[in-house]
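Report on one structure; see the data block that follows.
For clarity, every value in this text was computed on a predicted model and none was experimentally measured.
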Amino acid sequence: MAEKRVALITGAGRGIGAAIALTLAKENTDIAVVDYADESAAAETLAALREAGAAARYYRCDVSDFAAAKEVVDAIAKDFGKIDILVNNAGITADKLILRMEEEDWDKVLAVNLKGCFNMIKHVTPYMMRKRCGRIVSVSSVVGLMGNAGQANYAASKAGIVGLTKTVAKEFGPRNITANAVAPGFIKTAMTEALSEEQKKAMYKLIPLGCLGETQDIANAVKFLVSDDARYITGVVLKVDGGMYI
Ligand code: NAP
């Protein structure tokens with residue numbers, strides 16, 4: 001049997017991150033869950049990961065904090081002995097039209113969504129370089145490619161992830177480290193569940209496949225990008241959006 005891999009996944013306690021974690025856990029991968037809330041918030045996910053046969057540990061960290069991110073990455077490398085896969089999934093929104101957007105709305109969304117990715121990549125890549133092998137996947141959004149009224153901060157952060165990913169792919173390609181992004185469209189999560197029927201109907205009209213995506217659709221894309229089948233794929237932005245971007 002192939003050696004077990006180790007994946008560090010941010011925002012893995014719930015939503016899309018939890019689906020990614022569980023999917024990789026079923027693929028012979030141990031999981032380091034990096035989240036902001038107290039460990040109890042991720043209890044259900046951790047139990048499911050262990051049930052799937054993974055060694056799963058929880059690390060509390062604000063990904064936007066450069067020093068804290070280093071501490072956590074070093075702890076994970078020590079506890080698990082290596083880091084093969086990094087999935088930058090943690091993300092927040094603070095939606096407002098630019099007319100009403102405050103400086104702090106801009107700063108906090110950029111700090112978590114974009115600087116958080118940089119922090120993790122910066123601290124994880126030295127471990128990957130030593131092994132001359134690594135897989136990095138960051139979760140962007142089609143909003144980063146299309147723009148969206150009321151989401152200037154979020155769209156900019158997600159577009160930033162695209163530039164960051166392509167640069168990481170160029171800088172670390174010679175070290176056999178791939179970097180790719182996944183850009184989800186509208187996915188069924190607590191966020192989209194809160195929308196009214198009317199809002200949902202308006203959304204379906206924008207999606208050729210006519211329905212929202214599932215968290216599992218994003219997890220399947222990540223599973224592929226970190227697999228051996230994707231060994232020659234780097235610097236891509238894989239849209240998983242039911243055709244919404246077309
Ligand atoms: P979610 O349910 O709100 O989960 C976000 C996760 O990120 C939570 O586990 C949260 O941790 C964590 N997080 C937030 N701030 C953090 C911080 N400062 N440090 C560490 N962790 C932090 O969101 P989701 O819908 O699953 O989205 C996951 C990713 O997909 C995000 O990057 C989002 O932008 C992207 N995305 C989502 C959709 C969609 O339709 N849902 C569409 C496109 C892109 P706590 O639980 O501890 O707060």
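Residues Ile83 and Met129 fall within the same hydrophobic cluster, defined by Ile, Leu, Val, Met, Phe, Trp and Tyr side chains chained together at heavy-atom separations under 4.5 Å. Leu86 and Phe118 are members of different hydrophobic clusters when ILVMFWY side chains are connected at heavy-atom separations under 4.5 Å.
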Stepwise side chain to side chain contact (heavy atoms under 4.5 Å, CB included) test for Ile136 and Met128: CA-CA 10 Å; Ile136 299 170; Met128 290 179 167; 4.0 Å; yes
May I have the step-by-step check of side chain to side chain contact (heavy atoms under 4.5 Å, CB included) for Leu46 and Glu39, ending in yes or no? CA-CA 9 Å; Leu46 288 165; Glu39 179 167 350; 3.7 Å; yes
Taking it one step at a time, do Thr93 and Gln151 satisfy side-chain hydrogen bond (donor to acceptor under 3.5 Å, both in side chains)? CA-CA 8 Å; Thr93 53; Gln151 292 198 304; 5.6 Å; no
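In terms of modelled atom types and a separation under 3.5 Å, the side chain of Arg5 and the main chain of Val226 share a donor-acceptor contact. Judged by distance alone, with hydrogens and angles left aside, the side-chain atoms of Arg50 form no donor-acceptor pair with the main-chain N or O of Ala55 at under 3.5 Å. Under the 3.5 Å distance criterion, the side-chain polar atoms of Asn220 are left unmatched by any main-chain donor or acceptor of Asp217. Of the possible donor and acceptor atoms, one in the side chain of Asn89 sits under 3.5 Å from a partner among the backbone N and O of Gly11. In this structure, the side chain of His123 engages the main chain of Phe66 through a donor-acceptor pair within 3.5 Å. Of the possible donor and acceptor atoms, none in the side chain of Ser138 sits under 3.5 Å from a partner among the backbone N and O of Ile161. Using a distance-only test at 3.5 Å, with no hydrogens or angles considered, a donor-acceptor pair links the side chain of Asn28 to the main chain of Ala2.
For the side chain to side chain contact (heavy atoms under 4.5 Å, CB included) criterion with Ile31, the lone passing option out of Thr45, Leu24, Leu8 is Leu24. Tested against Asn153 for a side chain to side chain contact (heavy atoms under 4.5 Å, CB included), the candidates Ile98, Val109, Asp107, Ile92 yield a single pass: Val109.
For the pair Ala230 and Phe224, the tightest heavy-atom approach, listed with the atom from each and the gap, is CB-O, 3.1 Å. The minimum heavy-atom distance between Met120 and Val73, with the atom names listed, is SD-CG2, 3.8 Å. Scanning both residues, Ala159 and Gly144, for their nearest heavy atoms gives CB-O, 3.3 Å. Nearest approach of Met101 to Ala152, heavy atoms of both residues: CE-N, 4.2 Å. When all heavy atoms of Ser64 and Ala111 are compared, the closest pair comes out as CB-O, 3.3 Å. Residue Val112 comes nearest to Gly91 through the heavy atom pair CG1-CA, 4.4 Å, listed as atom of the first residue, atom of the second, then distance.
At a threshold of 4.5 Å between non-hydrogen side-chain atoms, the residues Arg100 and Asp105 do not count as touching. Residues Ile9 and Val34 fail the side-chain proximity criterion, which asks for heavy atoms closer than 4.5 Å. Within the 4.5 Å cutoff, the side chain of Leu145 has heavy atoms near those of the Lys239 side chain. In this structure, the side chains of Tyr36 and Cys61 stay at 4.5 Å or more apart for every pair of heavy atoms. Under the 4.5 Å side-chain criterion, counting only non-hydrogen atoms from C-beta, Arg135 is not in contact with Asp84. For the pair Asp65 and Asn119, the minimum side-chain heavy-atom distance is 4.5 Å or more. You'll find the side chain of Val87 reaches within 4.5 Å of the side chain of Val222, heavy atoms only. Side-chain contact between Ile121 and Asn88 is present, with at least one heavy-atom pair separated by less than 4.5 Å.
Look at Lys223 and Glu27 and you find a salt bridge, because one of the NZ, NE, NH1 or NH2 atoms lies within 4.0 Å of a carboxylate O, short of that distance. Salt-bridge check for Glu3 with Lys82: passed, with a basic side-chain N closer than 4.0 Å to an acidic carboxylate O.
Here the NZ-OG1 distance, from Lys166 to Thr234, works out to 11.5 Å after rounding to the nearest 0.5 Å. How far CD1 of Ile76 is from CD of Glu71: 11.5 Å, rounded to the nearest 0.5 Å. To the nearest 0.5 angstrom, Met146 atom CE is 16.0 Å from Lys158 atom NZ. Going from atom CG of Asp241 over to atom CG of Leu212 covers 12.0 Å, rounded to the nearest 0.5 Å. A distance of 6.5 Å separates CG in Leu114 from OG in Ser157, rounded to the nearest 0.5 Å. The structure places OG1 of Thr215 at 9.5 Å from NZ of Lys188, a figure rounded to the nearest 0.5 Å.
Heavy-atom contacts from other residues, nucleotides or ligands closer than 6.0 Å to NZ of Lys122 number 12 or fewer. Residue Lys200 qualifies as enclosed at atom NZ: its count of foreign heavy atoms under 6.0 Å is above 12. Within 6.0 Å of CZ on Arg130 lie more than 12 heavy atoms contributed by other residues, nucleotides or ligands. Within a 6.0 Å sphere centred on NZ of Lys70, heavy atoms belonging to other residues, nucleotides or ligands number 12 at most.
Cation-pi geometry between Arg175 and Phe172 is not satisfied (NZ or CZ under 6.0 Å from the ring centre, within 45° of the ring normal).
Looking only at atom types and distance, the side chain of Asp79 has a donor-acceptor partner in the side chain of Tyr59 under 3.5 Å away. Using modelled atom types, one finds a donor on one side chain and an acceptor on the other under 3.5 Å when comparing Asp74 with Tyr127.
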Would you tabulate the side-chain donor-acceptor contacts of residues 176-187 under 3.5 Å, counting partners in other chains and residues two or more places apart, or write 'none'?
residue, atom, partner, partner atom, Å
Asn176, ND2, Arg132, O, 3.1
Asn180, OD1, Gly235, N, 3.0
Asn180, OD1, Val236, N, 2.9
Asn180, ND2, Ile233, O, 3.0

